[in-house]
Amino acid sequence: DGGITQSPKYLFRKEGQNVTLSCEQNLNHDAMYWYRQDPGQGLRLIYYSQIVNDFQKGDIAEGYSVSREKKESFPLTVTSAQKNPTAFYLCASSGARGQETQYFGPGTRLLVL
Amino acid sequence: GQQLNQSPQSMFIQEGEDVSMNCTSSSIFNTWLWYKQDPGEGPVLLIALYKAGELTSNGRLTAQFGITRKDSFLNISASIPSDVGIYFCAGRYNFNKFYFGSGTKLNVKP
């Protein structure tokens with residue numbers, strides 16, 4: 001099955017804890033993205049990576065970190081510095097040639113205990 | 001910075017009616033995408049547009065890439081209850097990141 005997988009579906013974070021959200025794609029896409037979605041809101045870009053070992057901050061990068069050591073993987077860490085982490089997190093990927101579409105994973109819902 | 005205005009914000013229609021929604025940008029794009037999102041799920045790609053003036057259909061859905069490259073339209077004909085959801089537009093210029101509209105929430109009354 002080709003596509004984007006995110007795990008876990010639900011994640012609980014305790015105060016002061018770092019948590020990592022997984023995103024894997026087998027579409028051979030160069031670019032990968034992380035978005036945050038709050039209830040009733042649109043998508044806000046956290047980080048994106050257009051090539052392995054390189055990534056750029058999006059509009060709301062504070063309190064988050066990423067790595068891109070492999071083409072198929074782009075994990076997102078929500079650090080303790082992110083004071084309002086409760087949200088729906090969406091990973092996406094696309095080709096980086098200018099006319100490629102962007103596909104989304106099923107999302108991870110992060111809740112704070 | 002880049003602004004994408006999507007309208008309307010929400011719609012309440014009767015089953016069988018046609019629906020129109022649109023997105024406008026402050027800058028030109030060379031890719032327009034339309035997605036549908038169900039509650040608790042990731043957005044699903046409906047239609048992708050790559051050329052100014054392009055008109056593309058996917059079943060009852062039709063989308064157009066505006067001639068000015070600053071707007072796009074999505075039409076749904078003969079709506080059915082499973083069309084309920086949030087529709088997002090997204091635009092991109094060359095290798096840059098994608099920009100998203102704030103979504104149109106569609107409600108269909110049987």
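Note: hydrogens, waters and symmetry copies are ignored here, and every other heavy atom, side chains too, is used. Quick note on labels: first sequence line is chain A, next is B, and so on, each numbered from 1.
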* **From CA spacing to verdict: salt bridge (charged side-chain N to carboxylate O under 4.0 Å, His left out), A:Asp59, B:Lys97** => CA-CA 11 Å; A:Asp59 302 315; B:Lys97 57 188 179 181; 3.5 Å; yes
Check: Could you walk me through whether A:Gln102 and B:Leu33 pass the side-chain contact (heavy atoms from CB on, under 4.5 Å) check?
Finding: CA-CA 8 Å; A:Gln102 184 179 67; B:Leu33 308 174; 4.2 Å; yes
Derivation and outcome, side-chain contact (heavy atoms from CB on, under 4.5 Å), residues A:Met32 and A:Tyr48:
CA-CA 6 Å; A:Met32 297 186 75; A:Tyr48 65 108; over 6 Å; no
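With A:Thr77 contributing its side chain and A:Thr79 its backbone, the two residues share no donor-acceptor pair below 3.5 Å. Counting only distance, with no hydrogens or angles, the side chain of A:Gln6 and the backbone of A:Lys9 share no donor-acceptor pair below 3.5 Å. Between the A:Trp34 side chain and the A:Phe74 main chain, a donor and an acceptor come within less than 3.5 Å of each other. Looking at A:Gln82, its side chain never comes within 3.5 Å of a backbone N or O of A:Val78 through a donor-acceptor pair.
Interface remark: of the candidates B:Gly40, B:Gly103, B:Pro39, B:Gly101, B:Gly40 forms the most heavy-atom pairs closer than 4.5 Å to chain A.
Counting all heavy atoms, side chain and backbone alike, B:Arg69 lies closest to B:Ala52 at CG-CB, 3.7 Å. What you find for B:Asp71 and B:Ile67 is that their closest heavy atoms are OD1-N, 4.4 Å.
Proximity to chain A is limited to the side chain of B:Phe100, based on heavy atoms less than 4.5 angstrom apart. Using a 4.5 Å cut-off between heavy atoms, B:Gln37 contacts chain A through its side chain alone, with no backbone atom that close. With a threshold of 4.5 angstrom between heavy atoms, A:Gln56 does not approach chain B through any atom at all. Contact annotation for A:Gln41: only backbone heavy atoms (N, CA, C, O) come within less than 4.5 Å of a heavy atom of chain B.
Residues B:Ile80 and B:Arg60 form a side-chain contact, since some pair of their non-hydrogen atoms from C-beta on lies under 4.5 Å apart.
No single ILVMFWY cluster, assembled from side-chain heavy atoms under 4.5 Å apart, contains both A:Tyr35 and A:Ile60.
Between B:Tyr99 and B:Phe29, the two ring planes are parallel [angle under 30°; tilted spans 30° to 60°].
Residues of residues 103-113 of chain A having a heavy atom under 4.5 Å from any heavy atom of chain B, listed by number: A:Tyr103, A:Phe104, A:Gly105, A:Pro106, A:Arg109. Interface with chain B: from residues 65-72 of chain A, no residue qualifies, criterion being any non-hydrogen pair under 4.5 Å.
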